[in-house]
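Data first, discussion second: the structure below is written as structure tokens.
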Amino acid sequence: MKISIIGTGYVGLVTGVCLADKGNSVICVDIDKNKINMINKGKIPIYELNLDRLLKKVLSKKTFFATTNLEKSIYNSDITIISVGTPDNNGKIDLSYIKEVSKQIGLILKNKSNYHIVAVKSTVLPMTTELVVKPILEKYSTKKVGEFGLCMNPEFLREGSAIEDAMNPDRIIIGQYDNKSGREFVKIYSKFNCPKIFTNLRTAELIKYVTNSLLATLISYSNEIARISEGIGGIDIVDVWKGLHLDSRLSPFKSKFTGKGNARIKPGILSYIWSGCGYGGSCFPKDTKALVKLAYDIGVKPEILNSVINVNKTQPEELVLYLKNIIGNLKNKKIAVLGLAFKPDTNDTRESPAIAIIKSLLKSGAIVTCHDPVVHKKDIKMILKYPKITFASSIEEAIIKADAAIVVTAWEEYRKLSPEYFKQKMKTPIVIDGRRIYSKEEFLKENVCYKGIGYR
Ligand code: UGA
């Protein structure tokens, strides 16, 4: 199929490259000329594993290119996927990009005689496609939906494994305005072997929010339980989760399917039932807040979601409290913060717990040295607006002569650090494990002062 995708952000670009690799002809459109030039040269504006390799492949096969020309792109395609940002605006999602793009598409569809489908891929709240996108498209095209197709096709990509997720989706959800829209649109996925579910537009929109908010709920639940277990005392939350994860409803025996052995299936959802310093990124924080706002708007009090957000808001501070309990006054103490990205394998620091932790440390007068394998110094300085933090270019530089270290992101290189290493380099070997990635026993054996979420 011939597809145009508007917005070359993380979702648009990954989707475009993957759809092109699966036999479609894709044009990615963006208003940012520099980005377009970069992409056409095979360079990617974001950090994402394997994306540059696949981009170069589809560029050389000529099944993909990028442009700023929206009109030509729509004329030269049968389907347009809207993949522009829906940023958070005080808990509400900002639909201005969606509205502007819908208007532009409408104006072009006015003069296009062939049947064309518009699909929304941006994350939008239930009813947005029907009540915002559809009327704008109809107004500016002077056509009624039906004369053109309309779908809502949410994405379930995770940063850091977006290519893997996009190439091997677990399900494809197609919200369709009418059967014809869905029937034609699904052709872009003809080479994808997974269940394809057809729903109405608002159901597709809700499935996306429900997926993210359930995962966020599991994380906040795990963090609240960590607080309770700390309050009881004498419990390590890691043991609690190990015990829970073995419930065969959470990790079934493989023998159920193969008939032999005691091995378990370890569903990915288990890693969200684990205590840490809270969720971040561009999706969970924004989507939970937006769902809460929608709930209030329709007269429902979202008790669980409110708590999920509140627990997450206060979770980063827990790590600073551990530190204060050990050291006391943090004034002029050198504290190393290991990890700035909201999770490993991405350079994304949006809503990263690291930001809240660093701010709190600075407020307490600490001297902060931070490190991250991929986040750039300029990005973090801009976010923090504090010239006072030091950005170390190696782990060693970050922890050398430090009074304490806080591990915020579970990067592989941090997992590999031994207690001896911390002991050798630091002034006082105090390690706060914000992701519970170390063996408590090994650290304690080496006389490192080890504390972590769910183990005080
Ligand atoms: C999330 C969803 O997982 C995707 O399915 C969805 O498409 C995406 O949002 C989106 O809406 O665009 P992403 O934000 O990239 O993807 O990250 P996740 O890997 O799910 O991580 C989100 C948060 O959960 C992070 O703070 C991370 O630290 C935490 N997390 C992640 C865990 O606690 N455990 C894990 O195993 C993975």
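Whatever order the structure lists them in is the order used to number ligands and atoms, beginning at 1. Hydrogens, waters and symmetry mates are skipped; everything else that's a heavy atom, side chains included, is used.
The part of L157 lying near ligand 1 is the backbone, judged by heavy-atom distances below 4.0 Å. Only the side chain of N212 comes within 4.0 Å of ligand 1, counting heavy atoms alone; its backbone N, CA, C and O stay farther away. Residue contacts with ligand 1 for F284 involve side-chain atoms from C-beta outward but no N, CA, C or O (heavy atoms, distance under 4.0 Å). Under 4.0 Å from ligand 1, the heavy atoms of K208 that appear belong solely to its side chain.
The nearest non-hydrogen atom to atom 15 (O) of ligand 1, considering only R350, E159, R435, comes from E159. Considering R158, K343, E351 only, the shortest heavy-atom separation from atom 17 (O) of ligand 1 involves K343.
Screening W411, Y414, F391 for a ring-ring contact (aromatic ring centres under 6.0 Å, His included) involving H371 leaves a single residue, Y414. Screening T129, T128, T123 for a side-chain hydrogen bond (donor to acceptor under 3.5 Å, both in side chains) involving E205 leaves a single residue, T129.
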Next item on the list: Could you please spell out the steps behind the side-chain hydrogen bond (donor to acceptor under 3.5 Å, both in side chains) verdict for S4 and S73?
Entry: CA-CA 6 Å; S4 47; S73 310; 5.9 Å; no
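Shortest contact from atom 5 (O) of ligand 1 to any protein heavy atom: F156 O, 3.4 Å. Considering only non-hydrogen protein atoms, atom 12 (O) of ligand 1 sits nearest to E155 OE2, 2.8 Å. Looking at atom 30 (N) of ligand 1, its nearest protein heavy atom turns out to be Y272 CE2, 3.7 Å. C283 SG, 2.9 Å is the protein heavy atom nearest to atom 10 (C) of ligand 1. Ranking protein heavy atoms by distance to atom 26 (O) of ligand 1, first place goes to G280 N, 2.8 Å. Ranking protein heavy atoms by distance to atom 36 (O) of ligand 1, first place goes to S271 OG, 2.4 Å. Annotation: atom 28 (O) of ligand 1 to nearest protein heavy atom, F342 O, 3.5 Å. Protein heavy atom in closest approach to atom 33 (O) of ligand 1: I219 CD1, 3.5 Å.
Among residues two or more places apart in sequence or in another chain, the ring-ring contact (aromatic ring centres under 6.0 Å, His included) test is passed with F65 by none. For K187, the side-chain hydrogen bond (donor to acceptor under 3.5 Å, both in side chains) partners are E184, not counting sequence neighbours.
Looking only at distances, no side-chain donor or acceptor of T8 sits under 3.5 Å from a matching main-chain atom of L13.
More than 12 heavy atoms of other residues, nucleotides or ligands shown are found within 6.0 angstrom of CG on N325.
One finds a salt bridge joining E130 and R202 here, because a Lys/Arg side-chain nitrogen approaches an Asp/Glu carboxylate oxygen to under 4.0 Å. With respect to the salt-bridge test (charged N to carboxylate O, under 4.0 angstrom), the residues K121 and E155 do not qualify. The pair D236-R436 counts as a salt bridge, with a side-chain nitrogen and a carboxylate oxygen less than 4.0 angstrom apart.
On a distance-only criterion, Y279 and ligand 1 share no N/O pair closer than 3.5 Å.
Heavy atoms of G281 stay at 4.0 angstrom or farther from ligand 1.
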